[in-house]
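Residues: numbered from 1 along the sequence shown. The model shown is predicted, which means the values in this text are computed figures rather than measured ones.
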Amino acid sequence: MAVPVGRGFLVQPCSSSSSIFHNKIYKPSLGAASTLWSTSAPRRYGQIAVQAQQRPTWLPGLDPPPYLDGTLAGDYGFDPLGLGEDPESLKWYVQAELVHARFAMAGVAGILFTDLLRVTGISNLPVWYEAGAVKFDFASTGTLIVVQLLLMGFVETKRYMDFISPGSQAKEGSFFGLEAALEGLEPGYPGGPLLNPLGLAKDIKNAHEWKLKEIKNGRLAMIAMLGIFVQAYVTHAGPIDNLVEHLSNPWHKTIIQTLANSSS
């Protein structure tokens, strides 16, 4: 059987049950007059079967790099700059993409939800790109920045330590006695009742489908965040405002007219 490896083929002998051509196989007689290479028996030729490449890639027909062998969740062979050639760097990039994907999903959900509340008049909230300039009564801006740096710094330090030494942050006494609430599964997937309350991926080693769904939604969210950034820069409005304006006149309120008006 010929198994595709990139654009080449690995040729292996096929069994009679899986071959394309089904020939009758003659067994030699036990008699002295019959021999294995008898001219009366047709010679059996080896046959090969060609299988189509099964692994999807980001560009059909493109050979993925050898270090992207399809074992990672969401691996479609995309690495045009060769950033993952070093195995240690690849591990770090996988974790970095995962964290950015989760932040993007949370950011998109937060922006859309608060913008919907603002546009419908349910709550008097600022548009998302002006929210950082709002002064709160319960704390000053400097206090909020310090608190955020401490909390984010602590969490990111714990995450980095777990990346360097997997499972170290789930040991007793490493998180104020709350280790059981996190129950680290593997780097990047802390789990436990706190971060995996539904228990969807208790067996993280066999949770490839859940990992794939998460990274796909995360990549989509990162593209959405980029779109929201550009939208805000060009239109000076929130995403719900842009959507309402487009729906009011779908044929004349599009991205083409918006970009044309902004450049003029």
Side-chain angles (χ1 to χ4, degrees), residues 73-74 93 95-159 178 181-182 188-201 210-264:
Y93 286 129
Q95 296 300 314
E97 183 188 31
L98 190 58
V99 171
H100 281 80
R102 289 169 178 169
F103 270 111
M105 288 188 285
V108 170
I111 289 173
L112 294 179
F113 180 69
T114 55
D115 212 43
L116 185 63
L117 294 179
R118 180 185 62 83
V119 172
T120 56
I122 296 176
S123 180
N124 186 23
L125 295 171
V127 67
W128 71 269
Y129 51 82
E130 294 179 353
V134 175
K135 302 294 183 180
F136 296 96
D137 296 332
F138 61 87
S140 65
T141 302
T143 301
L144 292 175
I145 291 176
V146 171
V147 170
Q148 183 174 359
L149 286 175
L150 290 175
L151 293 178
M152 288 295 296
F154 175 76
V155 172
E156 287 300 297
T157 301
K158 299 285 285 184
R159 185 176 69 85
L178 301 176
L182 296 175
Y189 299 92
L194 186 61
L195 297 177
N196 187 23
L198 300 180
L200 298 177
W210 289 108
K211 290 181 179 180
L212 181 61
K213 290 177 181 179
E214 181 185 33
I215 199 62
K216 279 186 174 182
N217 282 277
R219 289 169 178 171
L220 183 62
M222 287 189 282
I223 296 174
M225 281 301 303
L226 178 61
I228 291 174
F229 291 157
V230 174
Q231 242 180 354
Y233 178 79
V234 174
T235 66
H236 305 288
I240 302 299
D241 288 321
N242 293 140
L243 178 62
V244 171
E245 184 180 6
H246 168 67
L247 294 178
S248 66
N249 192 355
W251 298 107
H252 297 92
K253 297 291 185 180
T254 66
I255 186 174
I256 298 176
Q257 282 84 3
T258 300
L259 293 175
N261 295 333
S262 65
S263 60
S264 60

Kindly indicate whether the side chain of V127, heavy atoms from C-beta on, has any atom under 4.5 Å from the side chain of H236.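 With C-beta onward as the side chain, the pair stays apart.
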
Show every donor-acceptor pair shorter than 3.5 Å between a side-chain atom in residues 141-152 and any protein atom, with sequence neighbours excluded, or say none if there are none.
| from | atom 1 | to | atom 2 | distance (Å) |
| --- | --- | --- | --- | --- |
| T141 | OG1 | K135 | NZ | 3.4 |
| T143 | OG1 | S140 | OG | 2.9 |

Can you give me the closest heavy-atom contact between [X] and [Y], atom names plus distance?
X	Y	result
I240	L116	CG1-N, 3.9 Å
V134	P126	CG2-CG, 3.5 Å
R219	G74	NH1-O, 2.8 Å
G238	Y129	N-CE2, 4.5 Å
V119	D241	CG2-OD1, 3.4 Å
L98	G188	CD2-O, 3.6 Å

Once rounded to the nearest 0.5 Å, what's the spacing between atom [atom1] of [X] and atom [atom2] of [Y]?
X	Y	atom1	atom2	result
E97	I215	CD	CD1	4.0 Å
L125	T114	CG	OG1	6.5 Å
Q231	L226	CD	CG	10.5 Å
L112	L117	CG	CG	11.0 Å

Tell me, with the steps shown, if E214 and K211 meet side-chain contact (heavy atoms from CB on, under 4.5 Å). CA-CA 5 Å; E214 181 185 33; K211 290 181 179 180; 5.6 Å; no

According to ring pair (Phe, Tyr, Trp, His ring centres under 6.0 Å), who are the partners of F229, at least two apart in sequence or on a separate chain?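 F229 satisfies ring pair (Phe, Tyr, Trp, His ring centres under 6.0 Å) with W128 only.
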
Could I get the full list of ring pair (Phe, Tyr, Trp, His ring centres under 6.0 Å) partners for F138, not counting sequence neighbours? F136

Without swapping roles, check the side chain of H246 against the backbone of T254 for a donor-acceptor pair under 3.5 Å.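 No, the answer is negative, given that no donor and acceptor are paired below the 3.5 Å cut-off.
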
Determine, step by step, whether E156 and R159 satisfy the salt bridge (charged side-chain N to carboxylate O under 4.0 Å, His left out) criterion, reporting the C-alpha distance in whole Å, the side-chain angles of both residues, the deciding distance to 0.1 Å, and the verdict. CA-CA 5 Å; E156 287 300 297; R159 185 176 69 85; 2.7 Å; yes

Got more than 12 heavy atoms from elsewhere within 6.0 Å of NZ, K253? no

Looking at N249, I'd like to know if its CG atom is crowded, meaning that more than 12 non-hydrogen atoms belonging to other residues, nucleotides or ligands lie closer than 6.0 Å. yes

